[in-house]
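Note sheet for the following structure.
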Amino acid sequence: MKTAKDIIKGLPLNMNDIARLTLEATEELGESAQGLTRLDMLHLLRRVIRAGVKAVKAEEHTVCFEEAAWASVAARAGRRATTLRDLRHFVRRMLRVEGVAARPLRAMSTQECRELLEYAFGGSNHSFNKARAILHSIFAHGQRQEWCGENPVSRIEPRRIQEKEIVPLSPQEVQRLEETAQLPEHREMRFSLHLLLYNGVRPQEVARLHERNIQPEQGRVIIAASGSKTGGGRVLPLRKKKKLQGVDLRIPRNWQNRWRALRRAAGFTHWQSDVCRHTFASYHAAYFRDLGALQLEMGHRSADLLRSRYLNLPQVSQAKVYWR
């Protein structure tokens with residue numbers, strides 16, 4: 001029969017070490033280890049050892065940040081091409097930070113993640129917040145794969161964004177756009193302009209609009225979830241139908257370039273993003289005074305954003321000109 005010294009032969013431990021570790025284990029177990037027989041104590045200590053080994057292996061199971069980041073992108077392969085392009089762009093910027101690519105995901109701390117975001121994206125609050133969301137998703141994917149135990153990005157606060165005031169287009173500026181869209185070289189953009197101005201559809205949503213979702217016989221346009229910015233679909237009424245008489249209700253190819261050319265031809269040298277959507281919401285709020293209906297058409301989850309962004313409403317007289 002082997003002695004205790006024979007059993008531990010080859011281990012960098014002696015009998016005192018083993019006795020000390022056994023005592024520590026029983027002390028940590030507290031009442032669970034009190035009053036047990038020798039066999040029950042052995043069974044309990046084996047459970048403790050197995051549980052400890054499993055926990056240690058789990059702690060050591062991880063991948064480097066670069067592998068985790070690209071795995072997170074691959075997991076979203078079904079997203080829109082523009083979304084995937086943004087993801088890859090932000091991941092590449094993160095990986096250019098020295099030492100980050102090879103860092104074990106499980107070992108990365110909140111402070112390291114904060115320094116990564118500050119170094120690569122600190123110059124822009126919008127970029128910082130977007131990068132933070134992407135970094136959070138990388139760790140969330142890592143948690144699902146058991147590559148890390150927690151998400152250190154959760155403790156990083158997003159930066160506060162100071163929204164720039166967007167001044168709605170005046171009725172005269174709207175008229176300039178509509179008159180320009182009557183010119184032969186821009187006539188294909190008339191329906192697109194109508195959706196931008198009188199339904200508040202985002203430019204990207206117009207560009208993605210499928211022919212089957214334009215339903216004039218039912219007086220509506222459907223913004224499908226797959227084509228919307230937020231992933232939520234909505235049904236919009238076709239307003240001011242007289243303006244659409246003789247208009248080809250379709251979205252032309254090469255839409256972004258055609259939209260840019262129409263604005264230039266109308267004399268707009270500076271253009272604020274989503275100003276047509278802001279114009280629609282502002283005049284709708286001023287004229288109809290129904291934030292609930294407007295919220296549904298805009299696709300917002302609540303009316304809070306409308307209240308915060310459209311308080312400086314145009315005059316009712318201007319709104320009447322716009323709608324009538």
### Task
Take Arg190 and Glu178, measure what salt bridge (charged side-chain N to carboxylate O under 4.0 Å, His left out) needs, and give me the verdict at the end.
CA-CA 7 Å; Arg190 286 186 295 170; Glu178 292 187 322; over 6 Å; no
### Task
Let me see the working for Tyr198 and Tyr322 under ring-ring contact (aromatic ring centres under 6.0 Å, His included), right down to the final yes or no.
CA-CA 9 Å; Tyr198 301 114; Tyr322 184 85; 5.3 Å; yes
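Residues Arg234 and Glu205 are paired through a salt bridge, judged by an N-O separation under 4.0 Å between the basic side chain and the carboxylate. Using a cutoff of 4.0 Å between basic side-chain nitrogens and carboxylate oxygens, Glu211 and Arg250 are not scored as salt-bridged. Using a 4.0 Å cut-off between charged side-chain N and carboxylate O, Asp86 and Lys130 make a salt bridge. Salt-bridge check for Glu150 with Arg155: passed, with a basic side-chain N closer than 4.0 Å to an acidic carboxylate O. Under the 4.0 Å criterion applied to side-chain N and carboxylate O atoms, Glu118 and Arg159 are assigned as salt-bridge partners.
Few gaps surround CD on Glu27; more than 12 heavy atoms of other groups in view lie less than 6.0 Å from it.
Ser192 and Trp259 share no side-chain donor-acceptor pair at under 3.5 Å. Side chains of Asp40 and Thr37: a donor on one and an acceptor on the other come within 3.5 Å. Judged by distance alone, the side chains of Gln111 and Glu115 do bring a donor and an acceptor atom under 3.5 Å apart. Looking at Asn129 and Arg132, their side chains never bring a donor and an acceptor atom within 3.5 Å of each other. For the residue pair Gln204 and Arg202, no side-chain donor N or O sits within less than 3.5 Å of a side-chain acceptor on the partner.
Aromatic rings of Phe288 and Trp323 (six-membered ring for Trp) have centroids within the 6.0 Å cut-off, being under it.
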